[in-house]
Asker: 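Quick one: this structure, given as structure tokens, is what I'll be asking you about.
Proteins come first, then strands; the chains are lettered A, B, ... in the order of their sequence lines, and each starts at number 1.
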Amino acid sequence: MFADVSYRTGALVKHNLILRLRDPGQLISYMVTPMVLMLLLKPLYTKAVSDTRSGGVVQAVTGQMVMFSVFSMAIVGNSIFIEREWRTWDRLRASRAGRGELLIGKSLPVYAVLVLQQIVLIYYGCLVVGMPAPKSAGLLVLGVAVWGFTLMAMGSALATVVRSRGDLMMASDVGSIAVSALGGALLPVALMPGWARDIAPISPGYWGLRMIQAAVYGQTGQTLRAALICVAIGLVTGAIAAYRLARGWGRSRLA
Amino acid sequence: MLQAIDLTKRYDDVQALNGFSLEASAGEIVGLVGHNGAGKTTFVEMVSGLLKPDSGQILVDGRTPVKARDRIGVSPQHIALYRSITVREHLRLYGKLAGLRAAALRSHIDDLAAELRLTPFLDRPAGLLSGGQQRRAQAATALIHSPGLLLLDEPTAGADPETRQALLEAVKRRAGEGAAVVYTTHYLNELSELQATIAVAAQGRIVARGTSAELLEGLPGEVLVGAADGDLRVTTTDVTSTLLELLGTVRGPIESIELRTPNLDDLYRSLAVSDVR
């Protein structure tokens, strides 16, 4: 029984990995662009954020990393949306694979992509941009793992509720800019206008950035607190996505 | 093999199934026909385990559809293929999901590709296949694990003659090997070729069942004689005698003769079945 489940789940993971590898454009774009922006924005942030040890460079690296990882929700959304558009999800649901197997098979490759993106950008930030090495590798791993989960859940939920590819693109673009900018990824929260500072905590990006920055500085308490909030956001949005995916779309039509 | 008893299903204000009952035994091909909206696809989705009936019961080999998925092969009405994935990768995926292991899977893929004339396209992404090739590839995903119950929802819709022929032969072969087949279509001639028993669905239930000959027996056809002094059109149950009579009445030169045997539309009319859409 367990061997059969593992076999089918493995087949689904491999299948979804192939799908991701055949469409690498978005991932490349969301890795290369922040790399360039980190270098360009580093002098600006170094001048703007002078009150902390190496705050400028940490802001340049983690801000861009969080911003473009939020953009990567589009990769998650796209991976689910094509199943609706190509009517393949219901075909899979009619196979012997159970709901859990389908969800794991769909999620794991996308989650791996999100984690890979963050790890590459942090390495790049340390090696090329000059960010100091994170004080605790464990906290950073936790932060990256939790943030990847949150993004995956949010992106999945988004893809299950939109009515068209245009809606998905619009929601990902506008949502990503809003979530990351309001969260302090573009402009440090301390430099934002008062009204924006007040509402910043409603943005998942705010908690994602706080978690990653606290992890870089080795601040266990702050990392865990932000991680808890990110996990909560991920659980709520993930539950919405899982419910919708388990039911499929049946006769519903895309716009 | 398949027993569906008194199924009902309602979508908002539409009663999609309303006491729908159908059985298919091993080796039998059941041609499910009916106008759009008659409940055919809803029924197929229920037997696939994608939809739950509001009431009624479906048993496949004595089990619920979800528990019997290893015995069911489905080819949906719409093409459901990944555009960037090759035919071989599709077959590998659905074969593995059905539990086939490496050696058996390879041999099934090769045999099936040859049977459905897909061998030259095995390593081509589905998005680059023609419509007919996609239809065959989709049917192959349903056949890969040699299911005991085949659900084919309009498998030849828009297909070219080569595709139609390949699919019909494959379906006949599976039925010959003991599979029960539910085959929805709008083409009566396909069901005659498959020697299928026909079930006519209308307004969410089966309103007639029998062979093509039984169902069409006694229904009127049409005789049309085009002559220089005007066309003669007669609806009749005895086409031959009527034609001879008409030929005797025509005085000028005859330009054309057209005989139309009864078809699905005549059957629907005789059953007072109307298109609900």
Asker: In terms of heavy-atom contacts, does NZ of A:K14 have more than 12 from other residues, nucleotides or ligands at under 6.0 Å?
Answerer: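 Incorrect, the count does not exceed 12.
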Asker: If you tally heavy-atom pairs under 4.5 Å against chain A, which of B:S84, B:P65, B:G73 wins?
Answerer: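 Highest number of heavy-atom pairs under 4.5 Å: B:S84.
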Asker: Begin with the C-alpha distance, continue with both residues' side-chain angles, and end with the deciding distance and a verdict on side chain to side chain contact (heavy atoms under 4.5 Å, CB included) for A:L19 and B:I85.
Answerer: CA-CA 7 Å; A:L19 278 173; B:I85 296 291; 3.6 Å; yes
Asker: On a heavy-atom basis, which atom in B:L93 and which in A:A11 lie closest, and how many Å separate them?
Answerer: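 Residues B:L93 and A:A11, closest heavy atoms: CD1-O, 4.0 Å.
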Asker: Between the main-chain N or O of A:W86 and the side-chain N or O of B:Y82, is there a donor-acceptor pair closer than 3.5 Å?
Answerer: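 No: the side chain of B:Y82 does not pair with the backbone of A:W86.
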Asker: Is chain A contacted by the side chain of B:I72, its backbone, both, or neither, given a heavy-atom distance below 4.5 Å?
Answerer: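 Neither the backbone nor the side chain of B:I72 comes within 4.5 Å of chain A.
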Asker: For the atom pair CG (B:L97) and CG (A:L92), what is the distance rounded to the nearest 0.5 Å?
Answerer: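 The CG atom of A:L92 is 6.5 Å from CG of B:L97, to the nearest 0.5 Å.
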Asker: Mark yes or no for whether A:R91, through its side chain, and B:T141, through its backbone, hold a donor-acceptor pair below 3.5 Å.
Answerer: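 Confirmed, A:R91 side chain pairs with B:T141 backbone.
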Asker: Closest approach of B:L100 and A:Y7, non-hydrogen atoms and distance?
Answerer: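 Heavy-atom minimum between the residues: O-OH, 2.6 Å.
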Asker: Can you name the closest pair of heavy atoms from B:L50 and A:A94 and give their distance?
Answerer: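 Closest heavy-atom pair between B:L50 and A:A94: CD2-N, 3.8 Å.
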Asker: State whether the number of non-hydrogen atoms from other residues, nucleotides or ligands found under 6.0 Å of A:R99 atom CZ is greater than 12.
Answerer: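 Open.
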Asker: Which bit of B:L81 comes within less than 4.5 Å of chain A, counting heavy atoms only: side chain, backbone, both or neither?
Answerer: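 For B:L81, the contact with chain A is made by the backbone alone.
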Asker: How about B:R205: does its CZ atom have over 12 heavy atoms from other parts shown lying under 6.0 Å from it?
Answerer: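 Atom CZ in B:R205 is not packed in, count stays at 12 or less.
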Asker: I need the minimum non-hydrogen distance between B:Y94 and A:T88, along with the two atoms involved.
Answerer: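 Shortest heavy-atom contact: OH-O, 4.4 Å.
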Asker: Look only at the side chain of A:R96 and the backbone of B:A98, and say whether a donor-acceptor pair between them is shorter than 3.5 Å.
Answerer: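 Between the backbone of B:A98 and the side chain of A:R96 there is a qualifying donor-acceptor contact (under 3.5 Å).
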Asker: So which residue, B:K96, B:R83, B:E89, ends up with the most heavy-atom pairs under 4.5 Å with chain A?
Answerer: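 When all of B:K96, B:R83, B:E89 are compared, B:R83 has the most.
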Asker: Among A:S95, A:G98, A:A97, single out the residue with the greatest number of heavy-atom pairs under 4.5 Å to chain B.
Answerer: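 The residue among A:S95, A:G98, A:A97 with the greatest pair count is A:S95.
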Asker: May I have the step-by-step check of salt bridge (Lys or Arg N to Asp or Glu O under 4.0 Å) for B:D70 and A:R8, ending in yes or no?
Answerer: CA-CA 12 Å; B:D70 55 331; A:R8 288 194 296 266; over 6 Å; no
